[in-house]
Amino acid sequence: AGKPVAAVEDCSRPLEGLVNQSLLVQLAAPSQAPSGCSIDLGVLVVDLRQWQALDVSARVDYWATIHARTPDAIGRIFSQPLDPRAALSTAVRGAYVRLAPRRNVF
């Protein structure tokens with residue numbers, strides 16, 4: 001399908017709860033404010049060629065760096081900084097194949 005990742009969505013933890021939407025708007029990046037379901041890392045299939053072609057590692061690193069460089073005084077980009085779903089879900093939003101929830105047995 002030309003996507004770097006296939007994953008089960010986790011709609012119980014939407015991106016709006018993982019990413020500080022209002023802070024992104026304040027930083028003049030409203031188009032960067034992700035929304036929708038996050039991805040569940042319990043089942044994650046990676047197409048390494050697409051991952052490299054789209055440089056997903058750099059995208060994840062970008063979001064982790066934005067989080068790390070945002071001063072505490074104005075807030076944090078990610079509500080739970082150690083939760084890897086935040087940076088990965090934000091980096092691949094719209095660029096993953098949705099797997100059926102039955103694929104995640106936990």
Side-chain angles (χ1 to χ4, degrees):
K3 307 279 183 165
V5 173
V8 175
E9 290 185 322
D10 183 357
C11 294
S12 69
R13 295 198 172 159
L15 286 170
E16 293 89 345
L18 296 174
V19 180
N20 186 338
Q21 307 284 319
S22 62
L23 181 57
L24 285 176
V25 171
Q26 289 175 20
L27 295 173
S31 64
Q32 295 292 319
S35 61
C37 302
S38 64
I39 59 174
D40 188 329
L41 298 181
V43 178
L44 186 69
V45 181
V46 177
D47 178 333
L48 294 176
R49 287 188 179 141
Q50 286 297 317
W51 184 281
Q52 289 176 333
L54 296 174
D55 204 5
V56 176
S57 295
R59 292 179 187 198
V60 172
D61 185 55
Y62 168 81
W63 283 104
T65 300
I66 291 293
H67 174 78
R69 292 184 178 177
T70 305
D72 286 334
I74 63 170
R76 285 290 187 195
I77 295 291
F78 301 137
S79 60
Q80 299 174 4
L82 297 179
D83 186 346
R85 284 173 304 155
L88 185 58
S89 292
T90 304
V92 300
R93 72 181 189 280
Y96 67 94
V97 175
R98 288 160 182 81
L99 297 176
R102 63 183 169 83
R103 300 285 183 200
N104 191 354
V105 295
F106 295 105

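- The hydrophobic clustering, which links ILVMFWY residues whose side-chain heavy atoms are closer than 4.5 Å, places Ile39 and Val97 apart.
- The shortest heavy-atom contact between Glu9 and Cys37 is CB-CB, 3.9 Å.
- Here the closest heavy-atom approach between residue Ala7 and residue Asp40 is recorded as CB-O, 4.3 Å.
- Hydrophobic clustering (side-chain heavy atoms under 4.5 Å, transitive across Ile, Leu, Val, Met, Phe, Trp, Tyr) groups Leu41 together with Trp51.
- Just one of Val92, Val8, Leu88 meets the side-chain contact (heavy atoms from CB on, under 4.5 Å) condition when paired with Leu44; it is Leu88.
- In the hydrophobic clustering of this structure, Leu48 does not group with Val43; members are Ile, Leu, Val, Met, Phe, Trp, Tyr whose side-chain heavy atoms approach within less than 4.5 Å, directly or through other members.
- In this structure, Val45 and Asp47 have side chains that are not in contact, with every pair of non-hydrogen atoms separated by 4.5 Å or more.
- Between the side chain of Ser38 and the backbone N or O of Arg13 there is at least one donor-acceptor pair closer than 3.5 Å.
- Using a 4.5 Å cut-off between side-chain heavy atoms of Ile, Leu, Val, Met, Phe, Trp and Tyr, with links allowed through other members, Tyr62 and Leu15 fall into the same hydrophobic cluster.
- A cation-pi arrangement is absent between Arg93 and Tyr96, since the terminal nitrogen or guanidinium carbon is not both under 6.0 Å from the aromatic centre and inside a 45° cone about the axis.
- By the salt bridge (charged side-chain N to carboxylate O under 4.0 Å, His left out) test, Arg85 is found to be paired with Asp10, Asp83, residues two or more places apart in sequence or in another chain being considered.
- To the nearest 0.5 Å, the span separating OG1 on Thr90 from CZ on Arg59 amounts to 12.0 Å.
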